[in-house]
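Counting convention: from 1, in listed order, for ligands and their atoms alike.
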Amino acid sequence: MEPNIHEFADGTVLAEKLADQVAHRLAAALEAKGAASLVVSGGSTPKTFFRALSGRDIDWTKVTVTLVDERFVPMDHPRSNHLLVRENLLQDKAAAARFIPLYHDCPSVEEAARKATEATAAIAPPFDVVILGMGGDGHTASFFPHGNNLAEALEAAGPRRVLSMKAQDADEPRLTFSFSSLTDAGLLVLHIEGQEKKDVLARAQEGTDENEMPIRAVLHRASSPVDIYWAP
Ligand SMILES: O=C1O[C@H](COP(=O)(O)O)[C@@H](O)[C@H](O)[C@H]1O
């Protein structure tokens, strides 16, 4: 299935349009089931989108928010994805949402992954909305090139769970939802910005080695259609 590409003049326009689309999908899930789930990425790209979404008028009290992936750092650490979400998304109207963290204060990242799996198991699958990002090395979620648990994380029919991930190019150990947990979402978005990432995406689309560029797994074999949102 070819991804659908949506291009915008700049990051602000993209943030508004993506916030509209996500709010619309969450509202539809609320209408149909009385509950909705939103699973977001961290990093530097989503901040403007988070701020736009936080003001959208939906019943946030029935929305569960969690992370696609997390750095194994406490929630007040500057590199924490939880901190980014707390300061930018869980504000304004979205402050009423329920947030489930992936990080747990455990002696090992492996134990934290088991706890995160337990803590998120109550979210009914499939997730309603998943927003992925992508690094310049072709990682998405914490599916890092040559990561120690990459094969397990990318299993097409693997269990829905959170795994630990260690990789040379990740600054710290990571926690990540598995490929199978993320890629059957009701709305599956890849949000990237800048020419450099567009070039990385083009390179990923041309090749097949998922160990080299794990984003290829999403582009080539996600069960849901992938909507790519891009701005310069
Ligand atoms: O480390 C991470 O990086 C990716 C991409 O982040 P960006 O800073 O290049 O936007 C992100 O999607 C992921 O959630 C995060 O943990």
How close does the nearest protein non-hydrogen atom get to atom 6 (O) of ligand 1, and which residue and atom is it? G43 CA, 3.7 Å
Heavy atom of the protein closest to atom 3 (O) of ligand 1 (residue, atom name, distance):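 Protein heavy atom with the smallest distance to atom 3 (O) of ligand 1: H139 NE2, 3.1 Å.
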Heavy-atom pairs closer than 4.0 Å: do any link ligand 1 to the side chain of T45, the backbone, both, or neither?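 The answer is both.
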Report the part of N81 (side chain from C-beta onward, or backbone N, CA, C, O) that has a heavy atom under 4.0 Å from ligand 1; answer both or neither where that applies. side chain
N-O pairing of E196 and K198 below 4.0 Å: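 No, E196 and K198 are not salt-bridged.
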Trace of the ring-ring contact (aromatic ring centres under 6.0 Å, His included) decision for F144 with H139: CA-CA 5 Å; F144 276 87; H139 84 265; 4.0 Å; yes
N/O separation below 3.5 Å, P46 to ligand 1: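 No, there is no polar N/O contact under 3.5 Å.
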Taking distance alone, with N or O pairs closer than 3.5 Å, would you say S44 contacts ligand 1?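 Yes, there is a polar N/O contact under 3.5 Å.
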Could you establish whether [X] and ligand 1 come within less than 4.0 Å of each other, counting only heavy atoms on the residue side?
X    : answer
E193 : no
V68  : no
E70  : no

Taking atom types as modelled, find out whether D69 and S142 have a side-chain donor-acceptor pair closer than 3.5 angstrom.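 Looking only at side-chain atoms, S142 and D69 do form a donor-acceptor pair, the distance falling under 3.5 Å.
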